[in-house]
Amino acid sequence: MDDINEIKSKLSLPSNIAIITHRNPDGDAIGSSLALKLFLELFGHRCTVILPSEYPAVFKYLPSLDSVSVFDLNQDEVRSSLSHADIIFCLDFNGLDRIDPLALNITESIAYKAMIDHHLDPEPFADWYMSDTASSSTCELIYRFIEALGHAPHMINKDIATCLFTGILTDTGSFKYGTNPEVYRIASELKKLGVDDYMINDAIFNSWTHRQMTILGHALRNRLEVIPELHSGIIFLTKSDYHKYQIARGDTEGLVNYILMIKGMHVAAFIREMPHGEIRLSLRSKGEISVQELARKHFNGGGHKNASGGSSTSSLEETITKLKEVLPEFISVLND
Ligand code: 5GP
Ligand code: MN
């Protein structure tokens, strides 16, 4: 983390603050952004949370969610917030391609830019960094940021705690991966601050529609290829699947994780041919296998060592073939 006193002095007078996070925001992106907004507003700052694209409906219980500006829905409002900002916080993303097409509005802005993030290889466009890849989530980092500013935990009210708990819960897959001693300490503090963890779990995880269950059934029954010799599994969805099952953004969230539930699987790939033709990949791995390197080298992507994403300009079949070709290099660490 860069010098906390530098950002502390930037925050010493009430300012216009824009908080931006990545496209297709997840629980950590939305939770960390709203938590920081609610916290900074306690000190008289005027904050706007900017999401490049819409958020999943499961997060509708999050306090202040109706105040966010979504670029895809209101471009002028978002551009205006960014141009009036004295400080821009970039949360839960490490590269400007994650907020495309707002990248130019960030680089050309004269605002002071602070990045708080836990992805590998942060790009050098900000003025101040809190970047920690050992951290479970950006929400964990926001809690630590508030502590580092010198505030006592009771400054975190129940609404802020609810936002922070959401990101920790979703980015650790319900405390299954990416954890560290701090996560459990912070989760405990958040529970003491009044977080209704039962409600949050129920809202996020028991909210499937029958259609989503049907999509999962189809994917596991007809679209899963297990390759034992590569310790890998691939789920693919075609453009016609998207059409036939009316698959919308968010309907396939978590699908890739089912592959790793099969004994012996170390790499999971979910490859989809989006309705507009783009091929997107979600990659997951166990242990020392780095899907971040795989995504970065071969699929114009990145993320975390064990959870990354990317894209391809080839066809669905060619992308699957390419993945199978490059996989042996990445699973070779299993033999070390
Ligand atoms: P998911 O598979 O859930 O979309 O993404 C998994 C992780 O990879 C997330 O942490 C996300 O930030 C990262 N990620 C997904 N797509 C991309 C991409 O196109 N580029 C980069 N750099 N990271 C990505
Ligand atoms: Mn995150």
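Just so you know, ligand 1 is whichever comes first in the structure, and atom 1 is the first atom listed for that ligand. Just so you know, these numbers use all the heavy atoms, side chains as well, and skip hydrogens, waters and symmetry mates.
- Side-chain atoms of S207 come within 3.5 Å of backbone N or O of A203 as a donor-acceptor pair.
- Nearest protein heavy-atom contact of atom 3 (O) of ligand 1 is R284 NH2, 2.9 Å.
- Within the structure, ligand 1 has A307 among the residues with a heavy atom less than 4.0 angstrom away.
- If you look at R98 next to ligand 1, the close heavy atoms, those under 4.0 Å, all belong to the side chain.
- Taking every heavy atom of G303 and a limit of under 4.0 angstrom, the matching atoms of ligand 1 come to 8 (O), 13 (C), 23 (N).
- Judged by distance alone, with hydrogens and angles left aside, the side-chain atoms of H45 form a donor-acceptor pair with the main-chain N or O of L11 at under 3.5 Å.
- Using modelled atom types, one finds no donor on one side chain facing an acceptor on the other under 3.5 Å when comparing D159 with T162.
- Using a 4.0 Å cut-off between charged side-chain N and carboxylate O, R185 and E182 make a salt bridge.
- Residues H118 and D92 bring a donor and an acceptor atom of their side chains to less than 3.5 Å of each other.
- The pair E278-R272 fails the salt-bridge criterion, with no side-chain N (NZ, NE, NH1 or NH2) lying under 4.0 Å from an Asp/Glu carboxylate O.
- In this structure, OG1 in T172 is found 7.0 Å from OH in Y177, a value given to the nearest 0.5 Å.
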Quiz item: Going through the checks in order, is the side chain to side chain donor-acceptor pair (under 3.5 Å) test met by S312 and T319?
Solution: CA-CA 7 Å; S312 159; T319 305; 2.9 Å; yes
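- Salt-bridge formation is not detected for the pair K322/E325: no Lys NZ or Arg NE/NH1/NH2 atom is positioned less than 4.0 Å from an Asp or Glu carboxylate oxygen.
- For S308, the heavy-atom gap to ligand 1 drops under 4.0 angstrom.
- What sits closest to atom 24 (C) of ligand 1 on the protein, heavy atoms only, is G302 O, 3.2 Å.
- With respect to D100 and R23, no salt bridge is recorded, no charged nitrogen being found less than 4.0 Å from a carboxylate O.
- The residues E329 and K297 are annotated as salt-bridged, a charged nitrogen and a carboxylate oxygen being separated by less than 4.0 angstrom.
- Atoms of ligand 1 found under 4.0 Å from any heavy atom of H304, numbered from 1 in the order shown, are 10 (O).
- Of all the atoms in ligand 1, the ones that sit under 4.0 Å from a non-hydrogen atom of S282 are 1 (P), 2 (O), 4 (O).
- Ligand 1 has R280 within reach: a non-hydrogen atom of the residue lies less than 4.0 Å from it.
- Residue-level proximity to ligand 1 for R23 is absent, since no heavy atom of it falls below 4.0 angstrom.
- Within the structure, ligand 1 lacks Q292 among the residues with a heavy atom less than 4.0 angstrom away.
- Contact analysis leaves H22 out of contact with ligand 1, as no non-hydrogen atom separation drops below 4.0 angstrom.
- Panel detail: the Mn ion (ligand 2) has protein N, O or S atoms under 2.8 Å away, 4 in number.
- With E123 contributing its side chain and L96 its backbone, the two residues share a donor-acceptor pair below 3.5 Å.
- Distances below 4.0 Å separate heavy atoms of H119 from the following atoms of ligand 1: 10 (O), 12 (O).
- In this structure, E41 pairs ionically with K37, as a charged nitrogen and a carboxylate oxygen lie closer than 4.0 Å.
- For atom 18 (C) of ligand 1, the nearest non-hydrogen atom of the protein is G309 O, 3.6 Å.
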